[in-house]
Amino acid sequence: EIVLTQSPTTMAASPGEKVTITCRASSSVSYMHWYQQKPGASPKPWIYDTSKLASGVPNRFSGSGSGTSYSLTISSMETEDTATYYCQQWSSNSFTFGSGTKLEIK
Amino acid sequence: EVQLVESGGGLVQPGRSLKLSCAASGFTFSNYYMAWVRQAPKKGLEWVATISTSGSRTYYPDSVKGRFTISRDNAKSSLYLQMNSLKSEDTATYYCARTIHTMGITLDYWGQGVMVTVSS
């Protein structure tokens, strides 16, 4: 089973600040996907196939990476970006998720 | 509009069984692999089961293998999760999700979730 380790676990950013969330895989994966979840809501697809934005996702978000290291970046933090972000991979007929990064506004 | 609506959750005693349902609409259900994902209170996401389009192939993590069974009825556009021998650690919100294969494989639509509480 591939284990995904996200960092940081929690962070706070000021409006306008650049934010980077990292997801490291225990073995190489082909693609990484990201979800955004707000309290009391279901996870929403956010970035898929490592770097493609899901429908409706603002273009201040971007995704990158390869092999065992992937990241989600917000170029300029906004209040509405406050949420928990999870990375996800699929291999050998199994989904695994990272433990999540809780992003707050300063 | 794609909709996934879960039902069947509730309070159940340890060792007992419960069956969740997910009603799908807005897409051709039989064309998609489907999955269940759960989230314990204040915790992260955990994949629970996946089923192929016909239902002939199913996949589970070790944490539920042998206790949970995923199934589907394509004629009714419905997905199910039979949960047996429930444990306190199965307490979670259970989400039904559609699986999609773009370049990778991901979950592109999620239901609102249904709460399962395992407690005496």
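Lettering of chains follows the sequences in order, A, B, ..., and the numbering in each one begins at 1. Quantities reported herein were computed from a predicted structural model and do not represent experimental measurements.
- Between chain B and the residues A:Ser30, A:Pro43, A:Ser94, A:Pro39, the largest count of heavy-atom pairs under 4.5 Å involves A:Pro43.
- Of the two parts of B:Thr99, only the side chain, counted from C-beta on, holds a non-hydrogen atom closer than 4.5 Å to a non-hydrogen atom of chain A.
- The closest side-chain heavy-atom distance from A:Met77 to A:Ile105 is below 4.5 Å.
- Interface remark: A:Ala41 contributes backbone atoms only to the contact with chain B (heavy atom separation under 4.5 Å).
- Proximity of a side-chain donor or acceptor of A:Thr101 to a complementary backbone N or O of A:Ile21 within less than 3.5 Å is not detected.
- The aromatic rings of A:Phe97 and A:Tyr35 lie tilted to each other, with the angle between the two planes from 30° to 60°.
- Counting heavy-atom pairs closer than 4.5 Å to chain B, the top-ranked of the candidates A:Gln37, A:Lys44, A:Gln89, A:Lys52 is A:Gln37.
- Ring geometry for B:Phe68 versus B:Tyr94: interplanar angle of 30 to 60°, hence tilted.
- Contacts between A:Asn93 and chain B at a heavy-atom distance below 4.5 Å involve backbone atoms as well as side-chain atoms.
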Please test A:Glu104 against A:Lys102 for salt bridge (charged side-chain N to carboxylate O under 4.0 Å, His left out), starting from the C-alpha separation and ending with a verdict.
CA-CA 7 Å; A:Glu104 299 172 323; A:Lys102 186 175 182 181; 3.7 Å; yes

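- Of the listed residues (A:Pro45, A:Ser42, A:Ser99), the greatest number of heavy-atom pairs within a distance under 4.5 Å of chain B belongs to A:Ser42.
- Using a 4.0 Å cut-off between charged side-chain N and carboxylate O, B:Lys87 and B:Asp90 make no salt bridge.
- Heavy-atom distances place the side chain of B:Thr50, and not its backbone, under 4.5 Å from chain A.
- Heavy atoms closer than 4.5 Å to chain B are found in the side chain of A:Tyr48, but not in its backbone.
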